[in-house]
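None of the values given here were measured: they were computed from a predicted structure. Count residues from 1 along the sequence.
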Amino acid sequence: MAYMVLVDSSTEIVEGLRVVELDVEMADSLRDAVARQLARRSDDVAASEEIDAVYQRHPSTQSLLSEATSVQMVPRPRSDDTARSSFPPPGRP
């Protein structure tokens with residue numbers, strides 16, 4: 001299980017929260033990636049440079065998916081799922 005958080009980058013407001021089930025391959029990939037990150041020494045400058053390089057190579061999500069080591073498609077919520085959400089739809093107070 002994983003928590004997905006949708007944040008509007010222009011306002012930094014959380015627009016939605018969702019719990020999703022991960023398949024075994026995706027969960028293993030995520031676990032391994034976190035373990036590798038925790039084993040490294042933190043270097044904020046190097047991290048920022050690496051993130052900037054990724055944004056330069058991949059201006060869109062579709063482009064980024066071409067290098068993904070693991071992908072799991074998350075289905076769109078049904079219209080009745082939105083009604084149960086504790087967050088209003090984007091653009092509403």
Side-chain angles (χ1 to χ4, degrees):
M1 177 175 24
Y3 297 97
M4 293 178 56
V5 181
L6 176 64
V7 179
D8 182 324
S9 63
S10 65
T11 63
E12 297 183 359
I13 294 175
V14 174
E15 297 286 349
L17 295 173
R18 189 162 182 205
V19 177
V20 294
E21 294 292 325
L22 298 178
D23 62 30
V24 173
E25 180 186 353
M26 184 67 173
D28 288 345
S29 293
L30 185 58
R31 190 178 302 107
D32 291 345
V34 170
R36 285 192 311 273
Q37 288 177 356
L38 290 173
R40 289 190 208 164
R41 217 177 78 211
S42 178
D43 183 344
D44 292 343
V45 172
S48 291
E49 289 172 354
E50 190 169 335
I51 290 169
D52 288 343
V54 170
Y55 281 131
Q56 291 297 316
R57 285 194 322 271
H58 301 287
S60 71
T61 303
Q62 285 304 115
S63 173
L64 184 60
L65 284 173
S66 68
E67 284 187 31
T69 57
S70 184
V71 174
Q72 178 169 322
M73 302 305 288
V74 177
R76 246 181 206 282
R78 298 182 317 258
S79 59
D80 59 332
D81 288 344
T82 307
R84 290 192 300 252
S85 172
S86 58
F87 288 90
R92 291 204 177 152

(request) Following the transitive rule for hydrophobic clusters with a side-chain heavy-atom cut-off under 4.5 Å over Ile, Leu, Val, Met, Phe, Trp and Tyr, establish whether Met26 and Leu30 coincide in one cluster. (result) yes
(request) With sequence neighbours excluded, tell me which residues meet side chain to side chain contact (heavy atoms under 4.5 Å, CB included) with Ser42. (result) Asp44
(request) Taking side-chain hydrogen bond (donor to acceptor under 3.5 Å, both in side chains) as the test, write out the residues that go with Asp28, two or more places apart. (result) Arg31
(message) Could you check whether any side-chain heavy atom of Val14 comes within less than 4.5 Å of a side-chain heavy atom of Leu6, counting everything from C-beta outward?
(response) no
